[in-house]
Novice: 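Please see the structure below; I have some questions.
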Amino acid sequence: MIKTKKKFDIKNSMRKWCSVHGLMRIGWIVVRTIILVGCCYTILYPFLLKLIDSFKSFEDYLDPAVQYIPKYFTTSNIKAVLTQLQYKKSFPITFLYSTLIALLQVFICGLAGYGFGRYKFRGSNLIFGLVIMELLVPPQTMIIPLFLRFRFFYGGLNLIGTYWPIIILALTGLGIRNGLYIFMFRQNFRNMPKELEEAAIIDGCNPFQIFWKVMMPNAVSLMVTVFLISFAWQWTDTTYTELFQRGTDLLANMTAYVDGGEEEIMVLQYNNTAAVLCVLPVMLIYLIGQRFFIQGVERSGITG
Amino acid sequence: MAKEHSGKGRFVRKKGVSLSEKKNRMGYLFIMPVLIGLVFIFLPSLVKSFIYVFNKVSIGFGSVEMEFVGWKNIYDAFFTDTEYVVLLVSALRGMFFDSAVIILFSFFMSNVLNQEFKGRGICRVVFFLPVVLSMGIVADMENANEMFNAMNAVEESSAGGFDQLGMATMFSVANLLNFMGLPASMTQIIFAILSNMYGILNSSGVQILIFLSALQAISPSVFEAAKMEGATKWEEFWKITFPMLTPSLLVCVVYTVISTFTNPVYGVMEYIQSKGFSGGQLGYASAISWIYFLIVIVVLGVAAAIISKRVTYLD
């Protein structure tokens, strides 16, 4: 039976494909492929173009025959931008800082999400409403008081221009779109079976042990997802960074100092190269973690 | 006041606290960091920015100086400022159009990405790429490049290349559609969508993510049962998939409206920042951002009210 099934059966496949239903199916597959390829192309094209552009030399721009592939291949632009970005100094700092912030956000939001998803205490709905409110308030409304809060921190400390403001925001669950993470974690922990918790209680776990040893390991894919998103958003963030951390050595700050010289086309190209160099590490980390990312998406079960 | 209340409760009703209530109090410990953030940073900032609306604010030496001016800031926003209302109206128009397109598109794409086909994994990786990459630095650079290109386009309109070619074919497509008898307004809409495809794809990553996770959460046995009853694919979609997705539709609408509102493309955010920081008019900047915020709330309230009437929950 199995052998005949594997063999190409023309009668069966004729019946399968050469009917109105089959033709519609083929039509849909064609349309779907066109849409998907088109969309993927639209997403990837600008990035690939920027990547290629960063290898072009000035002569390539003068040469009308060069559209995509550079004739005078050069890495001098990249080297120049690397020194202008102070990559050797700014890359490790940005990497460590983004990792720290992302870890803090995963931990704090996971904690809060667990609290909201598993416990029904007095005022929990009200507090959760405030968390959602965090998402609703446009950053513009909050930016000025937040700036002043960190400009004159308790006791008149000036925290602007240091690494502290975003650490404090991450510690208190107020970082970039943390409301969304808390929401995702809450939804995730809500769907976990009660038996897990009961078994842990019988084994003598206290609530924090349950959280740390039972619940968190079961939410690994969501944790990786949130980590990736928050890492990337922290890495590429310019709003908070420009506001609170002017003068620090973060990559997002450094892009402002990239200078392409006199020629307009080179100014544009240096900017592009800087963007590529900033984003490339994030992209690599995303590609490494994407397996977890997509699993995490599938399991987070955000159903409103 | 809240502190007093809980303290009182602890002493008076110590015997009355049930075990589950006691257990549930642990929840406060879990959300403590967030609670501290809300009470000490979020709420004060929100209240403060509301107070700034009615004041003239300036940063003095070591402190913030305020001077009460009443409704002047709000009056100025609507009747004195020549730019703000124009920006606001164009942002509102763009927002309605963009959010509608983004939601429809991400709804459709999530259904496509949920089907089984070869290369689905790669497609998903590419589609979620904008979630990671489209914010911050990249968006800033793109805006800068667009400005630069717009400036240069006037100077050298004869330059060839991809964009020129793309535009030319687009125009001929629009002509063709017109010729076929489609009204001009329709072709304009199609044209607008197609020319903004990149922006739409970039801003619908999170929405596709939300819809897709909801799609995955529907148990296959529901579809099996429907098949046994003789439902067609079309009926399956409208009777099972769509109702099951309505809760996440609500989440998506909220998220889309917020993110399109704060999209730098419309320039309102930059305008507020320029007034507040380079212009030094902190009170005025607060006023215009609160007007913006209240409009978002009203829009969201209306949208949520309309949708939540149709939302179906399983339990």
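Just so it is clear: chains get the letters A, B, ... in the order the sequence lines come, proteins before strands, and each one is counted from 1. The structure presented is a predicted model; accordingly, all values stated were derived computationally and were not measured.
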Novice: Check each atom of Leu43(B) against the heavy atoms of chain A and say whether the ones under 4.5 Å are side chain, backbone, both or neither.
Specialist: side chain
Novice: For the candidates Ser124(A), Pro46(A), Cys278(A), which exhibits the highest count of non-hydrogen atom pairs separated by less than 4.5 Å from chain B?
Specialist: Pro46(A)
Novice: First locate atom CZ of Phe108(B), then atom CD1 of Ile208(B), and finally report the distance between them rounded to the nearest 0.5 Å.
Specialist: 11.0 Å
Novice: Would Gln115(B) and Trp28(A) count as a side chain to side chain donor-acceptor pair (under 3.5 Å) if you check the C-alpha gap in whole Å, the side-chain angles of each, and the deciding distance to 0.1 Å?
Specialist: CA-CA 12 Å; Gln115(B) 291 182 336; Trp28(A) 168 238; 3.1 Å; yes
Novice: Under 3.5 Å, side chain of Arg118(A) to main-chain N/O of Phe189(A), donor-acceptor pair present?
Specialist: yes
Novice: Determine the minimum heavy-atom distance between Gly173(A) and Val34(B), stating which atoms define it.
Specialist: CA-CG2, 4.4 Å
Novice: How are the rings of Tyr41(A) and Tyr45(A) set to each other: parallel, tilted or perpendicular (split at 30° and 60°)?
Specialist: tilted
Novice: For Met32(B), is it the side chain, the backbone, both or neither that has a heavy atom under 4.5 Å from a heavy atom of chain A?
Specialist: neither
Novice: Any idea how Tyr114(A) and Phe30(B) line up, ring-wise: parallel (<30°), tilted (30 to 60°), or perpendicular (>60°)?
Specialist: perpendicular
Novice: Of the backbone (N, CA, C, O) and the side chain (C-beta and beyond), which part of Val254(B) lies under 4.5 Å from a heavy atom of chain A, both, or neither?
Specialist: side chain
Novice: Should the heavy atoms of other residues, nucleotides or ligands under 6.0 Å from OH of Tyr198(B) be counted, would the total exceed 12?
Specialist: yes
Novice: For Ile288(A), what residues pass the side-chain contact (heavy atoms from CB on, under 4.5 Å) criterion, not counting sequence neighbours?
Specialist: none
Novice: Which bit of Tyr271(B) is near chain A, if near means a heavy-atom gap under 4.5 Å: side chain, backbone, both or neither?
Specialist: neither
Novice: What part of Ile51(B) gets closer than 4.5 Å to chain A, counting heavy atoms only: side chain, backbone, both or neither?
Specialist: neither
Novice: By a 4.5 Å heavy-atom criterion (distance strictly below it), what part of Ile285(A) contacts chain B: side chain, backbone, both, or neither?
Specialist: neither
Novice: Less than 4.5 Å to any heavy atom of chain A: does that hold for the side chain of Phe40(B), its backbone, both, or neither?
Specialist: both
Novice: Contact part of Ile288(B) toward chain A, heavy-atom cut-off under 4.5 Å: side chain, backbone, both or neither?
Specialist: neither
Novice: Rounded to the nearest 0.5 Å, how far does CE of Met215(A) lie from CD of Gln209(A)?
Specialist: 13.5 Å
Novice: Is it the side chain or the backbone of Cys39(A) that comes within 4.5 Å of chain B heavy atoms, both, or neither?
Specialist: both
Novice: State, to 0.1 Å, how close Pro130(B) and Leu201(B) come at their nearest heavy-atom pair, and which atoms those are.
Specialist: CG-O, 4.0 Å
Novice: Examine whether an atom of Leu171(A) lies under 4.5 Å from a heavy atom of chain B, and if so say whether it belongs to the side chain, the backbone or both; otherwise answer neither.
Specialist: backbone
Novice: Could you look at Leu245(B) and say if it's the side chain, the backbone, both or neither that has a heavy atom under 4.5 Å from chain A?
Specialist: neither
Novice: Counting heavy-atom pairs under 4.5 Å to chain B, which of Phe147(A), Phe47(A), Phe116(A), Tyr119(A) comes out on top?
Specialist: Tyr119(A)
Novice: Using 30° and 60° as the class limits, which term best fits the ring planes of Phe293(B) and Trp290(B): parallel, tilted or perpendicular?
Specialist: perpendicular
Novice: Using non-hydrogen atoms only, which part of Leu113(B) is less than 4.5 Å away from chain A: side chain, backbone, both, or neither?
Specialist: side chain
Novice: Below 4.5 Å from any heavy atom of chain B, which atoms of Phe211(A) appear? Answer side chain, backbone, both or neither.
Specialist: side chain
Novice: Considering only heavy atoms, which portion of Ile132(A) lies under 4.5 Å from any heavy atom of chain B: side chain, backbone, both, or neither?
Specialist: neither
Novice: Counting heavy-atom pairs under 4.5 Å with chain A, which one of Val296(B), Leu215(B), Leu46(B) comes out on top?
Specialist: Leu46(B)
Novice: Go through the atoms of Leu44(A) and report whether side chain, backbone, both or neither lie under 4.5 Å from a heavy atom of chain B.
Specialist: side chain
